[in-house]
Number of protein chains: 2
Amino acid sequence: MTEPPRAVFPVRDASAGPADLTLTPAGEPPRLRADAARNRKRLLEVAAELAAERGAANVTMEAVAAAAEVGKGTVFRRFGDRGGLMLSLLDHIEQQIQAAFLSGPPPLGPDAPPLERLRAFGPAVIRHEHAHRDLYMAAHREQSRRYNPSYQVRLTHLTLLLRQVGAPGDVELTGHTLQGYLDTVLVEYLLTSRGMPVERLDAGWHDLVDRLGTPR
Amino acid sequence: MTEPPRAVFPVRDASAGPADLTLTPAGEPPRLRADAARNRKRLLEVAAELAAERGAANVTMEAVAAAAEVGKGTVFRRFGDRGGLMLSLLDHIEQQIQAAFLSGPPPLGPDAPPLERLRAFGPAVIRHEHAHRDLYMAAHREQSRRYNPSYQVRLTHLTLLLRQVGAPGDVELTGHTLQGYLDTVLVEYLLTSRGMPVERLDAGWHDLVDRLGTPR
DNA sequence: CAGCTAAACGGACTGCGGTCCACTTTCATT
DNA sequence: AATGAAAGTGGACCGCAGTCCGTTTAGCTG
């Protein structure tokens with residue numbers, strides 16, 4: 001419960017009515033002391049290594065501490081809990097897709113018309129999450145902080161696009177609905193347990209966007 | 001990992017294409033030995049008591065075992081893990097709402113036209129989940145088994161109704177989308193953390209159903 | 001009713017997440 | 001350079017989920 005705000009894009013909220021999201025305290029991280037910063041970096045590196053070699057689900061806090069040659073308390077002080085560590089690991093990966101839809105090339109990025117961006121969003125996220133499912137699932141398991149900064153960024157983005165395409169109704173709720181469709185656990189369940197081809201999920205997304213996004 | 005199938009309504013699946021859901025092994029519970037059955041019952045009673053008095057989140061497996069005067073191993077043998085116990089506790093509660101929409105009075109039950117049932121479903125579930133949020137949240141925390149029998153029952157019901165109202169597109173995926181909107185954690189977040197009035201969620205549901213359910 | 005086997009039982013044991021607190025280090029101030 | 005306080009550190013410690021295995025018991029079979 002001590003972890004400084006995650007390195008999520010600042011996102012000055014250009015939309016979202018009552019959504020002043022207290023979750024991202026907005027100020028930049030309260031600078032760490034030199035030794036702390038060094039340790040934080042080492043911990044993340046080591047944790048990423050361990051996750052790569054034995055799967056994120058099998059990374060224990062103790063192992064991370066040991067491999068980084070610090071005390072266990074240090075890991076907890078820095079990341080709060082296991083969920084915090086996983087979220088921090090995810091940050092890096094999450095930034096890739098954030099960059100893609102906030103400032104990348106069309107059809108995802110800002111140079112495409114809103115409807116196209118909206119349609120492209122789903123397939124991109126689905127593939128991204130699937131590619132990094134190990135970490136996403138592990139982070140999910142520690143449900144502390146669902147509705148974390150990443151979620152908020154995606155939500156803000158979706159509601160913005162929805163407004164731009166003239167979506168009717170309660171745009172914020174529609175955003176949550178769309179996010180629900182992209183939920184990692186659901187996607188993984190459909191792809192893996194139910195064996196759906198990813199194209200079917202894509203089609204489902206396009207349908208959803210068409211129905212929820214168009215002015216009717 | 002030993003828990004016998006939950007006491008969910010058999011639900012001879014009248015719809016659901018590739019949904020032969022292996023999750024509910026369909027056969028009735030492989031009868032327990034007399035002592036085991038007795039203990040199972042005691043354990044559930046005791047667990048419900050403890051949950052009522054100290055909150056489901058604070059019920060430990062050991063405490064349940066102790067209060068029921070059995071060994072810890074017995075609790076685990078019976079319910080597999082904490083998630084299994086919580087799910088079993090929820091069963092009882094879940095059956096109430098299942099009964100309501102499978103065989104209760106209109107507008108939820110079978111004597112109302114499908115579109116009305118569909119529209120009534122959301123508000124009913126939202127209120128139900130909210131009323132029992134303690135258990136739903138606790139059960140959720142043990143994410144082992146999301147997409148459990150209860151989920152499947154709701155899904156089957158929703159897809160059936162969707163077909164009856166002539167919903168276009170991929171009805172199974174639409175069912176998952178609707179379920180996503182009713183996800184306990186999301187609902188709780190919106191109601192509690194975001195302070196939305198429940199009527200707003202109701203309205204969102206009606207909108208969603210209208211948009212996804214009507215033939216366009 | 002005796003005998004047998006699969007099921008159930010109990011509780012010691014392990015491993016991990018998370019807390020606590022006495023001690024050390026950084027770094028701003030003067 | 002000295003110094004004081006805030007920040008950081010490490011590791012013993014705690015509680016709980018989940019496992020393991022030697023013992024007990026239900027309940028069939030003859």
Side-chain angles (χ1 to χ4, degrees), chain A residues 1-5 27-44 46-47 50-51 54-89 138-145, chain B residues 1-5 29-44 46-47 50-51 54-89 138-145:
Chain A
M1 288 115 208
T2 321
E3 168 68 332
E28 68 281 355
R31 277 238 311 290
L32 292 176
R33 237 170 58 174
D35 52 347
R38 213 182 316 128
N39 278 341
R40 183 185 148 95
K41 200 174 151 229
R42 296 240 327 277
L43 285 168
L44 283 176
V46 159
L50 288 179
R54 67 175 75 160
N58 303 316
V59 173
T60 74
M61 299 298 266
E62 235 160 354
V64 173
E69 297 180 284
V70 302
K72 198 178 175 182
T74 303
V75 187
F76 280 94
R77 154 166 284 262
R78 192 70 345 167
F79 301 102
D81 59 11
R82 216 186 111 91
L85 174 58
M86 291 302 171
L87 230 39
S88 294
L89 276 182
H140 177 99
R141 227 162 101 282
E142 326 298 320
Q143 52 71 263
S144 73
R145 312 237 209 175
Chain B
M1 287 119 204
T2 320
E3 168 67 331
R31 279 238 307 290
L32 292 176
R33 235 168 64 172
D35 51 349
R38 214 182 316 127
N39 279 339
R40 183 186 150 94
K41 198 173 152 232
R42 295 238 333 273
L43 285 168
L44 283 176
V46 158
L50 289 179
R54 65 174 76 161
N58 302 316
V59 173
T60 74
M61 298 299 267
E62 233 159 355
V64 173
E69 297 179 285
V70 302
K72 197 179 177 181
T74 302
V75 187
F76 280 94
R77 152 168 287 262
R78 192 71 344 166
F79 300 103
D81 59 12
R82 218 185 110 91
L85 175 58
M86 292 302 171
L87 230 39
S88 294
L89 276 181
H140 178 98
R141 224 158 108 283
E142 327 297 320
Q143 52 72 266
S144 74
R145 311 236 209 175

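Reminder, nothing fancy here: chain letters follow the sequence lines and each chain counts from 1. Worth knowing before you read on, the calculation uses all heavy atoms, side chains too, and leaves out hydrogens, waters and symmetry mates.
- Taking for each of A:Glu69 and B:Ala63 the nucleotide of DNA chain D with the nearest heavy atom, the 5'-most of the two is the partner of A:Glu69.
- One interatomic measurement links the two molecules: NZ of B:Lys72 to P of D:dG18, which rounds to 9 Å at whole-angstrom precision.
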Could you list all N or O pairs between the protein and nucleotides 26-28 of chain C that sit under 3.5 Å apart?
residue : atom : partner : partner atom : Å
C:dC27  : OP1  : A:Ala34 : N            : 3.0

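- Of all the heavy atoms in B:Ala65 and B:Lys72, the pair that sits closest is CB-CA, 3.8 Å.
- If you take CE of A:Met86 and P of C:dC16, they are 13 Å apart, rounded to a whole angstrom.
- One finds a side-chain N or O of A:Asn39 lying less than 4.0 angstrom from the OP1 or OP2 phosphate oxygen of D:dT9.
- Under the side-chain contact (heavy atoms from CB on, under 4.5 Å) criterion, A:Ala66 pairs with no residue, sequence neighbours left out.
- In this structure, the separation between CE on A:Met86 and CD on A:Glu142 is 6.5 Å, given to the nearest 0.5 Å.
- Rounded to the nearest 0.5 Å, atoms CZ (B:Phe79) and CG (B:Leu87) are 11.0 Å apart.
- As rounded to whole Å, 11 Å separates atom P of C:dG11 from atom CD of B:Glu62.
- The shortest distance between side-chain heavy atoms of A:Leu44 and A:Leu85 falls below 4.5 Å.
- Nearest heavy-atom pair across A:Ala57 and A:Ala138 is N-CB, 4.3 Å.
- In this structure, the side-chain contact (heavy atoms from CB on, under 4.5 Å) partners of A:Ala37, at least two apart in sequence or on a different chain, are A:Leu32.
- Looking at DNA chain C, the stems built from 3 or more consecutive Watson-Crick or G-U wobble pairs, each pair with its key distances under 3.5 Å, are C:1-30 with D:1-30.
- Counting to the nearest Å, the P atom of D:dG18 and the CZ atom of B:Arg78 are 17 Å from each other.
- Look at CZ on B:Arg77: it is 15 Å from P on D:dA26, rounded to the nearest Å.
- We find that CZ of B:Phe79 is positioned 19 Å from P of D:dC16, with the value rounded to whole Å.
- Taking atom CG of residue B:Leu43 and atom C1' of nucleotide C:dC9, one finds them 12 Å apart after rounding to whole Å.
- A:Asn39 has its side chain out of reach of A:Val75: every pair of non-hydrogen atoms, C-beta onward, lies at least 4.5 Å apart.
- Shown here are the side-chain contact (heavy atoms from CB on, under 4.5 Å) partners of A:Asp35, two or more places apart in sequence or in another chain: A:Arg33, A:Arg38.
- Remark: A:Thr74 is not in phosphate contact with D:dG8, judged by side-chain N or O atoms under 4.0 Å from OP1 or OP2.
- In this structure, B:Phe76 places its CZ atom 9 Å from C1' of D:dT19, rounding to the nearest Å.
- Taking every side-chain heavy atom of B:Thr60 into account, D:dA17 is the closest of D:dA17, C:dC16, D:dG18.
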